[in-house]
J.: 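Quick one: structure below, then a few questions.
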Protein chains: 2
Amino acid sequence: MSFAALPAPPYFAVIFCSTRPDADDGYGAMAARMAELATTMPGYLGVESARGADGFGITVSYWRDEECIAHWKADLDHKAARDEGRSRWYEHYQLRVAKVERAYGKPQG
Amino acid sequence: MSFAALPAPPYFAVIFCSTRPDADDGYGAMAARMAELATTMPGYLGVESARGADGFGITVSYWRDEECIAHWKADLDHKAARDEGRSRWYEHYQLRVAKVERAYGKPQG
């Protein structure tokens with residue numbers, strides 16, 4: 001995983017934190033399918049993701065505006081994946097929707 | 001690492017992504033010291049963090065308002081750690097400041 005190449009703010013971030021058990025149990029395939037599907041959604045800007053050896057992970061997806069987030073949330077395949085995620089893959093999760101107001105980094109400055 | 005226990009939105013998130021080489025080189029001790037120092041800052045609400053085996057990591061710290069983020073940014077020990085981070089520890093990083101507008105999760109609802 002690596003850095004998302006994003007436009008200048010403002011844009012929106014969906015911060016998704018979750019804990020997972022060790023066993024894959026179909027999770028990797030679903031996650032890859034959803035990541036691919038997200039890239040086809042209107043207003044999708046990029047994603048950044050990391051999961052530590054302890055099973056705690058953070059995925060931040062970036063979107064042009066709230067309407068695009070609502071559209072992605074309403075996608076039926078995504079809905080089905082979330083339902084399965086809640087019942088089967090995620091022990092616990094937390095989702096936060098935030099408006100990114102400024103950004104900077106290295107080597108960009 | 002685990003979930004931050006946060007108040008109801010709105011509050012602010014600082015989303016910090018970075019890549020690190022394998023060698024620790026004093027990084028772990030600095031990171032622990034900064035995490036501890038952050039908890040003493042006014043308006044600090046919590047932190048969530050994950051780094052994958054590939055060296056890509058995401059740390060999200062949460063703050064009451066922009067003023068508290070500015071105060072934390074101005075702390076001299078934090079400034080020194082950031083300077084050292086830029087020159088010594090982080091190959092690349094990206095920081096985004098965002099206003100969290102809503103949040104939900106499991107099992108909280």
Side-chain angles (χ1 to χ4, degrees), chain A residues 1-6 8-20 45-63 65-66 69-70 73 82-83 85-109, chain B residues 1-6 8-20 45-63 65-66 69-70 73 82-83 85-109:
Chain A
M1 204 59 202
S2 193
F3 298 91
L6 301 177
Y11 47 80
F12 283 77
V14 178
I15 306 167
F16 180 76
C17 295
S18 64
T19 44
R20 295 218 47 247
L45 300 176
V47 69
E48 291 165 337
S49 189
R51 188 174 300 278
D54 61 357
F56 185 78
I58 303 176
T59 296
V60 189
S61 62
Y62 298 99
W63 302 87
D65 55 36
E66 291 254 34
I69 294 174
K73 191 179 177 187
R82 289 204 307 280
D83 286 346
R86 273 191 289 268
S87 66
R88 180 174 164 194
W89 290 306
Y90 297 123
E91 292 168 337
H92 194 77
Y93 71 87
Q94 185 70 45
L95 190 147
R96 300 185 175 96
V97 179
K99 183 180 186 182
V100 177
E101 298 180 344
R102 55 184 197 277
Y104 52 91
K106 163 187 170 183
Q108 293 92 334
Chain B
M1 204 59 203
S2 192
F3 298 91
L6 300 177
Y11 47 81
F12 283 77
V14 177
I15 306 167
F16 180 76
C17 295
S18 64
T19 45
R20 295 226 337 105
L45 299 177
V47 68
E48 290 164 338
S49 189
R51 188 174 301 278
D54 61 356
F56 185 79
I58 304 177
T59 296
V60 189
S61 62
Y62 298 98
W63 301 87
D65 54 37
E66 291 255 34
I69 294 173
K73 192 179 177 187
R82 289 204 307 278
D83 288 345
R86 272 190 289 268
S87 66
R88 181 173 162 193
W89 290 306
Y90 297 123
E91 292 168 340
H92 194 78
Y93 71 87
Q94 185 70 45
L95 190 146
R96 299 185 175 96
V97 179
K99 184 179 185 181
V100 177
E101 299 180 343
R102 55 185 197 276
Y104 52 92
K106 163 188 169 181
Q108 292 93 335

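As the structure is a prediction and not an experimental result, all values here were calculated from the model. Protein chains get the first letters and strands the later ones, always in sequence-line order, with residue 1 at the start of each.
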J.: Does the separation of the ring centres of A:Y93 and B:F3 fall below 6.0 angstrom?
T.: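 Ring centroids of A:Y93 and B:F3 are no less than 6.0 Å from each other.
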J.: Quick one: what part of B:Y11 sits under 4.5 Å from any heavy atom of chain A, side chain, backbone, both or neither?
T.: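 When you check distances to chain A, only side chain atoms of B:Y11 fall under 4.5 Å.
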J.: Considering only heavy atoms and a distance below 4.5 Å, find which of A:V100, A:V14, A:L95, A:V60 pairs most often with chain B.
T.: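 Top option by heavy-atom pairs under 4.5 Å: A:L95.
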J.: Looking at every non-hydrogen atom in both residues, tell me the closest pair between A:A50 and B:G52 and how far apart they are.
T.: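 Where A:A50 meets B:G52 most closely, the heavy atoms are CB-N, 4.1 Å.
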J.: Counting only non-hydrogen atoms closer than 4.5 Å, does B:R51 touch chain A with its backbone (N, CA, C, O), its side chain (CB onward), both, or neither?
T.: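 Contact with chain A: backbone only.
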J.: Heavy-atom pairs under 4.5 Å with chain B: which of A:P9, A:A98, A:A53, A:A4 has the most?
T.: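 That would be A:A98.
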J.: Any chance the side chains of A:Y104 and B:R96 put a donor and an acceptor closer than 3.5 Å?
T.: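 The answer is no; no qualifying pair exists.
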J.: In terms of heavy-atom proximity below 4.5 Å to chain B, should A:F12 be classed as side chain, backbone, both, or neither?
T.: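 Contact with chain B is through the side chain of A:F12 alone.
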J.: Looking at every non-hydrogen atom in both residues, tell me the closest pair between B:A13 and A:I15 and how far apart they are.
T.: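 Answer, listing the atom of B:A13 first, then A:I15: CB-CD1, 4.1 Å.
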